[in-house]
Amino acid sequence: MPATDQALADGVRRRDRRALAKAITLLESTRADHRARADALLDALLPHTGNAVRIGLSGVPGVGKSTFIEALGLQLIAQGHRVAVLAVDPSSSVSGGSILGDKTRMEQLSVRDEAFIRPSPASGTLGGVAEKTREVLLLCEAAGHDVVIVETVGVGQSETAVAGMTDLFVLLQLPNAGDDLQAIKKGVMELADLVVINKADLDPAAATRAQAQITSALRVFGQQGNPAHGTAAPVMQASGLKGEGVAAFWALVMQHVEARRASGAFALRRQRQAQDWLWDLVRNRLLADFRAHPAVKRELPAALAEVSAARSAPSVAARRLLQLFESNNS
Ligand code: GDP
């Protein structure tokens with residue numbers, strides 16, 4: 001590794017914010033030479049990663065995510081932690097605008113030396129955004145952040161991506177969520193390791209109702225056999241604005257982490273995530289190569305049309321295309 005990049009790695013390790021920001025810029029670059037340098041940097045820093053509690057946090061816009069994260073972050077810093085907040089915002093690549101991070105958020109947290117807040121990378125697909133965020137997460141760990149929160153919005157597939165890079169996935173709900181359980185997407189509920197009824201101060205009675213309804217809904221999901229949960233995920237109430245329930249939240253997070261560490265599930269989830277990450281990259285790259293292959297490119301529209309019109313079996317069409325691809329790739 002060139003001396004300047006070694007200095008960058010050392011800077012990240014020394015918790016120099018500018019070095020961390022520069023390293024992230026290098027990772028997010030699309031230039032091939034930058035990518036090679038970023039890979040070397042990640043390799044060098046990898047032994048210093050893995051030590052954070054990685055928390056995924058999702059909820060619809062306005063549920064109070066940034067308010068909650070700020071209250072939590074400030075409390076954790078007071079206890080001696082260093083907190084990083086990253087965002088996965090699929091809207092930033094689709095519309096050019098973002099749901100997360102366009103306004104000045106977490107004003108008190110962002111000025112703290114012990115905090116590092118990074119908006120969502122805006123690189124094309126959700127897969128691309130998630131990919132960069134995973135790498136940034138590692139850099140933040142190398143820079144001594146022992147709590148990393150990856151925030152996302154309740155739209156699209158971003159929750160699955162965030163749950164796939166964190167140790168536990170938290171869902172923030174509004175107090176009226178229980179009134180309309182249809183509105184709660186079952187798939188997302190199944191990802192949740194912890195559900196927080198936020199803004200409980202607004203309507204304590206509704207919050208208590210929502211807590212009971214979501215608790216029983218989760219039990220039903222649990223009974224249907226969510227392998228991630230031996231038991232149903234806990235449901236709690238909080239008010240990020242008033243700072244209520246934030247300490248209790250952290251206690252539940254630590255309880256979850258300790259229990260998973262003791263059972264081995266914690267390490268297993270990380271191993272699986274690391275393998276999935278590798279396969280994601282290989283799959284995406286192979287697919288891109290396949291689509292870019294001249295003969296495949298030429299034949300693909302006709303093959304798709306044939307398959308759509310039921311004039312050829314998908315399996316036969318796929319095999320033909322793969323043969324074209326492999327014939328000048330072997
Ligand atoms: P986000 O879009 O999920 O990040 O939501 P924000 O944190 O930006 O909060 C949206 C609005 O709800 C803001 O006006 C906050 O002041 C308000 N808010 C956030 N948390 C609470 C809470 O616990 N109680 C009440 N009453 N309002 C809150």
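We use all heavy atoms of the structure for the numbers below, so side chains are in, but hydrogens, waters and symmetry mates are not. Every number for a ligand or one of its atoms is a count from 1 in the order of the listing.
F116 and H145 have tilted rings, their planes meeting at an angle from 30° to 60° on a 0 to 90° scale.
The residue from V257, T166, V147 that alone fulfils the side chain to side chain contact (heavy atoms under 4.5 Å, CB included) condition with R54 is T166.
We find that R270 and D167 are joined by a salt bridge, their nearest charged nitrogen and carboxylate oxygen being less than 4.0 Å apart.
Proximity of V88 to V150: side-chain heavy atoms (C-beta onward) are separated by under 4.5 Å at one or more points.
Residue L202 has no N or O atom closer than 3.5 Å to an N or O atom of ligand 1. Taking distance alone, with nitrogen or oxygen atoms compared against 3.5 Å, P61 stays at or beyond that limit from ligand 1. Polar contact check, K242 against ligand 1: no nitrogen or oxygen pair lies under 3.5 Å apart. In terms of polar-atom proximity, defined here as any N/O pair under 3.5 Å, G240 does make such a contact with ligand 1.
Near D201, the atoms of ligand 1 lying under 4.0 angstrom from a non-hydrogen atom of the residue are 22 (C), 23 (O), 24 (N), 25 (C), 26 (N). Per-residue contacts place S239 under 4.0 angstrom from the following atoms of ligand 1 (heavy atoms of the residue considered): 22 (C), 23 (O), 24 (N).
At a heavy-atom distance under 4.0 Å, atoms from both the backbone and the side chain of S66 approach ligand 1. At a 4.0 Å heavy-atom cut-off, ligand 1 touches L241 through backbone and side chain alike. Proximity of T67 to ligand 1, defined as any heavy-atom pair under 4.0 Å, is shared by backbone and side chain alike.
E70 CD to I117 CD1: the interatomic distance, rounded to the nearest 0.5 Å, is 7.5 Å.
Q237 and T208 form a side-chain donor-acceptor contact under 3.5 Å, judged by distance and modelled atom types alone. Between the side chains of S120 and D89, no donor-acceptor pair is found at a separation under 3.5 Å.
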